[in-house]
**Student:** 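Sharing a structure, written as structure tokens. Questions coming.
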Amino acid sequence: MKLVTAIIKPFKLDDVREALSEIGIQGMTVTEVKGFGRQKGHTEIYRGAEYAVDFLPKIRLDIAIKSEDVQKVIDAIILAAATGKMGDGKIFVTQLEHVVRIRTGETDENAV
Ligand SMILES: Nc1ncnc2c1ncn2[C@@H]1O[C@H](COP(=O)(O)OP(=O)(O)OP(=O)(O)O)[C@@H](O)[C@H]1O
Ligand SMILES: [Mg+2]
């Protein structure tokens, strides 16, 4: 299993949620976060001058999935979240060791 963590622009949340539902994703966690990337929260760096860092509001999605679904989840997020402009976000994929569905006691691939 994999844990896909995607940082996206907040106004793209509905599109991404819809795209993930369409490919059969059964659950996700959404968190309001703040962050910065290479532009340090600015849309450009003036002549390479150092600016103070500004944190911009972003949405973080955490999605636990079967390993075989990882590429289709990444593709769906990219398609739905991309604007082509800076700050579109990032996708992090990590190995997921163990999942338990509390109500049923099901585990791992049966629980995601
Ligand atoms: N290396 C990183 N580690 C953790 N979070 C990051 C990292 N880079 C970006 N993020 C998160 O993703 C958000 C969006 O990053 P962003 O899309 O601006 O990345 P970028 O590398 O600057 O790419 P771009 O040039 O397209 O803007 C950031 O606000 C931050 O929350
Ligand atoms: Mg950036």
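Just follow the structure's listing: the first ligand is 1, and inside any ligand the first atom is 1.
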**Student:** Between CG of Asn110 and NZ of Lys66, what distance do you get to the nearest 0.5 Å?
**Tutor:**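 Between atom CG of Asn110 and atom NZ of Lys66 there are 7.5 Å.
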**Student:** Is there a side-chain contact between Phe92 and Ile7, using heavy atoms and a 4.5 Å cut-off?
**Tutor:**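 In short, these two side chains touch, coming nearer than 4.5 Å.
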**Student:** Considering only residues two or more places apart or on different chains, which pairs with a residue in residues 77-88 satisfy salt bridge (Lys or Arg N to Asp or Glu O under 4.0 Å)?
**Tutor:**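 Of all non-adjacent pairs touching residues 77-88, those that pass salt bridge (Lys or Arg N to Asp or Glu O under 4.0 Å) are Lys9-Asp88.
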**Student:** Holding to side-chain contact (heavy atoms from CB on, under 4.5 Å), I want the full list of residues that pass it with Thr29, two or more places apart in sequence or in another chain.
**Tutor:** Thr31, Asp62
**Student:** Are the side chain of Lys58 and the backbone N or O of Gly87 linked by a donor-acceptor pair below 3.5 Å?
**Tutor:**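 Here the side-chain-to-backbone pair exists.
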**Student:** Could you tell me whether Arg38 and ligand 1 have an N or O pair separated by under 3.5 Å?
**Tutor:**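 N/O-N/O distance under 3.5 Å: yes.
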**Student:** As a test of the contact definition, would atom 23 (O) of ligand 1 count as having a protein heavy-atom neighbour under 4.0 Å?
**Tutor:**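 When distances to the protein are checked, atom 23 (O) of ligand 1 has no heavy atom within 4.0 Å.
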**Student:** Using a 3.5 Å cut-off on N or O atoms only, is Leu56 in polar contact with ligand 1?
**Tutor:** no
**Student:** Name all pairs fulfilling the side chain to side chain donor-acceptor pair (under 3.5 Å) condition that reach into residues 89-98, sequence neighbours left out, sorted by first residue then second.
**Tutor:** Lys2-Gln95, His98-Asp108
**Student:** Can you report which non-hydrogen protein atom sits closest to atom 5 (N) of ligand 1, along with the distance?
**Tutor:**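 Its nearest protein heavy-atom neighbour is Phe92 CZ, 3.7 Å.
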**Student:** Checking the N or O distance criterion of under 3.5 Å, is ligand 1 in contact with Lys90?
**Tutor:** yes
**Student:** Which bit of Val33 is near ligand 1, meaning a heavy atom under 4.0 Å away: side chain, backbone, both or neither?
**Tutor:** neither
**Student:** Return a yes/no value for Gly35: is any of its N or O atoms, backbone included, closer than 3.5 angstrom to an N or O of ligand 1?
**Tutor:**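 Min N/O separation from ligand 1 is below 3.5 Å for Gly35.
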**Student:** Return the closest protein heavy atom for atom 11 (C) of ligand 1 as residue, atom name and distance.
**Tutor:**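 The answer is Ile7 CG2, 4.0 Å.
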**Student:** With heavy-atom distances below 4.5 Å as the criterion, would you say the side chains of Leu61 and Arg17 are in contact?
**Tutor:** no
**Student:** Which atoms of the protein, restricted to N, O or S, are nearer than 2.8 Å to the Mg ion (ligand 2)?
**Tutor:**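 Under 2.8 Å from the Mg ion (ligand 2) - ignoring waters, which are not counted - the protein N, O or S atoms are Gln39 OE1.
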